[in-house]
Every structure is written in C-alpha cells, then in structure tokens.
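Naming convention: chains lettered A, B, ... in sequence-line order (proteins, then strands); numbering from 1 in each chain. The structure presented is a predicted model; accordingly, all values stated were derived computationally and were not measured.
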Amino acid sequence: MTLQKVIFPVENYDLALTLASGQAFRWRRSGDAWEGVIGSRWVRLRQENGCIHAETAGQVEDWQWLRHYLQTDVDLETILSAFPDDSPMREAVAACRGLRLLRQEPWECLASFICSSSKQIVQIEQIVGLLCRRFGPAMTVPPDMNCAGAFPTAERLATVSEAELRECKLGFRAPYLCGTARKLAAGEVDLSRLGGLPLEEARAALLTLPGVGIKIADCVLLFAYGFQEAFPVDVWITKALQQLYFPKRRANLPRLRHFSRSHFRPYSGYAQQYLFHYMRTRRSPNEKK
DNA sequence: GGCCAGGCGCGTA
DNA sequence: TACGCGCATGGC
C-alpha cells in the first residue's frame with residue numbers, strides 16, 4: 001500500500017498548538033509529526049518550513065476534506081485584528097500565535113463533548129480512543145500501525161448498552177451518550193440540517209439531546225458547524241472572564257455568558273479558544289518566577 | 001490524599 | 001432566575 005501525500009503552504013498556523021488545544025481528541029504526537037483520524041481516514045501531519053505535510057492511506061481524489069478540516073484558507077490576521085483591543089486579549093494572542101479552529105464532523109464532535117463533562121482533556125482522549133477501538137469501523141492504515149477504528153456512528157452506539165459504555169470509562173455520562181445516539185438514530189434530530197439554521201435554532205435543537213447543555217452545544221456549534229459567534233463557557237473560560245474582566249466582583253455564569261456574547265464579537269469563538277488556551281498554559285499568578 | 005477536570009439535570013429558594 | 005448537589009473516574 002502506498003501513502004498519498006500532499007503539501008499545503010500555510011501562514012500564521014501553529015499545527016501542534018491547534019491539534020493539542022482540546023477541540024479534537026484523536027491526535028497523538030509521533031516524533032515530529034501528528035497522527036490522527038479525520039472522518040474515516042487515518043492521517044499523519046507534520047509542519048515544516050511554512051508548510052503542512054500530510055499523508056493518508058488509501059485513495060484520495062482531492063484534498064478538499066483536509067483543507068476544510070484544517071481551515072487552511074482562513075485568514076487568521078483578519079480575525080485577530082477584530083478581537084477586542086484590551087489587555088487580556090492582547091496577552092492571549094501573544095501567548096497563542098497561530099492557534100486555529102478546526103472544522104470537525106458534527107456527530108463525532110457532539111459525542112466527544114458529551115464525554116467531556118467534568119473531565120480533563122487527557123481523559124477525554126482516552127475515552128474517545130476506547131470508543132473507537134471497541135465500536136468504531138475499521139480503517140485503512142499503514143502496515144504495522146496499531147490504530148483504533150474510526151469514530152463509531154450514532155447508529156452503532158445506539159445499539160450499545162450503558163454498561164458497555166461504562167466499560168469505556170464514561171461513568172455517569174454513559175446514559176447521556178446512549179440517549180443521544182438513540183435519538184439521532186431514530187431521526188429525532190437531524191445533525192446534517194443544523195448548519196443551515198440560525199445559531200439560536202441550531203442550539204435549541206442540540207439542547208433537546210440528553211447530556212447536552214449550553215456549553216456542549218456551543219462547542220459543537222463552533223468546532224463542527226463553524227458558527228463564529230458561539231462562545232463555550234467552561235470552567236477555564238469562567239476563570240478567565242472572572243479574573244481578567246471582573247476582578248473586583250464575583251460574576252455569575254449567566255452574567256458571564258451575557259458579557260461574552262456582546263464583548264467578543266464577531267469572532268467570539270476564536271477569542272474564546274485563545275482565552276481558553278491562554279488560561280490553561282499561563283503560569284499561575286502565585287507561582288514563583 | 002485532596003482538589004479538580006472543556007457539565008448536566010434536577011431540586012430548592 | 002440563581003444556586004447547590006450528585007453523578008464516575010483519574011490526573012496532578
């Protein structure tokens with residue numbers, strides 16, 4: 001079997017930062033490259049000299065699926081220059097140069113984030129890996145490559161018991177994933193239709209699914225459908241907004257959500273990802289220099 | 001060993 | 001509307 005290869009020139013793109021930034025959960029570092037799965041394709045990516053080098057197994061007609069996933073045609077400078085001109089955002093941008101948003105497949109993104117609640121990113125990666133290994137369809141991979149399958153379909157997970165999901169470390173999230181998979185398999189919500197709706201309507205549809213609240217819905221709206229104004233508020237973003245924008249008084253979650261909806265437009269989603277990564281990686285203020 | 005993690009759903013005030 | 005709590009599991 002021969003590997004198919006392609007090279008994309010990119011600007012203002014930090015591949016490693018992006019793949020490891022907690023939006024997608026199937027990427028593993030392997031030497032100077034990253035190996036992962038996009039849809040039903042095994043992929044290896046490497047950034048070198050202003051280019052992303054990609055390899056995949058199996059036939060490739062064209063590479064649009066990969067450009068779309070990596071969002072290589074997005075002009076990041078335009079987005080960064082539209083961020084609010086305040087010191088938190090300036091610091092976040094300086095700390096995360098080249099951080100991008102990916103465009104993921106909706107079901108995988110939704111299911112992954114149902115697994116994410118009250119979990120650290122490494123644990124989410126572990127859960128998603130177990131789901132793929134156990135229930136995912138096989139893929140074409142390079143020889144001698146031990147790789148889990150592609151992400152299992154909603155139809156497949158709809159047939160799986162809660163107990164089997166708990167064996168994949170889902171814990172209390174098992175009935176959520178089970179329930180959502182079954183609702184989708186039954187056609188009660190059509191994920192392929194949400195991208196064409198206004199943001200509020202797409203969010204409302206996601207909120208009818210078990211285990212999906214505002215935060216997870218906003219992750220899917222942003223990371224899968226590309227709604228630029230979605231702004232997921234998780235524990236890190238709560239800390240960021242509280243410390244950086246409301247240091248004097250305690251602000252509750254609804255208030256923070258309200259503030260974020262107006263303050264960071266129009267590229268709120270990108271701003272959120274920058275704040276998220278900035279908070280997770282910056283040295284804590286009381287840590288010694 | 002204790003705190004906390006890319007939360008949600010439900011009960012209560 | 002705004003909290004508080006329980007829910008599994010494991011990283012640090």
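At dT1(C), none of the side-chain N or O atoms of Asn252(A) fall inside 4.0 Å of OP1 or OP2 (strictly under the cut-off).
Note: Phe246(A) and Phe259(A) have perpendicular aromatic rings, judged against thresholds of 30 and 60 degrees for the angle between ring planes.
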Go through Ser262(A) and Arg265(A) one step at a time and tell me if the side-chain hydrogen bond (donor to acceptor under 3.5 Å, both in side chains) criterion holds. CA-CA 6 Å; Ser262(A) 58; Arg265(A) 288 197 294 178; over 6 Å; no

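A heavy atom closer than 4.0 Å to some atom of DNA chain C occurs in no member of residues 214-227 of chain A. For the contact set between residues 166-182 of chain A and DNA chain C, defined by any heavy atom under 4.0 Å, the members are Arg166(A), Lys169(A), Gly171(A), Phe172(A), Arg173(A).
For the residue pair Tyr270(A)/Gln228(A), the side-chain donor-acceptor check at 3.5 Å is not satisfied.
Across the interface with DNA chain C, nearest-nucleotide mapping of Val122(A) and Ser117(A) shows Ser117(A) to be the residue nearer the 5′ end. Projected onto DNA chain B by closest heavy-atom contact, Pro232(A) and Leu209(A) fall at different nucleotides, the more 5' of which corresponds to Pro232(A).
At least one test fails for Arg173(A) against the ring of Tyr176(A): distance under 6.0 Å to the centre or angle within 45° of the axis.
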Give every pair of a protein N or O atom and an N or O atom of nucleotides 11-13 of chain B that lie under 3.5 Å apart, one pair per line with the distance.
none

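Environment of CD in Glu11(A): sparse, with no more than 12 heavy atoms of neighbouring residues, nucleotides or ligands closer than 6.0 Å.
Separation of the P atoms belonging to dC7(C) and dG1(B) is 23 Å when rounded to the nearest angstrom.
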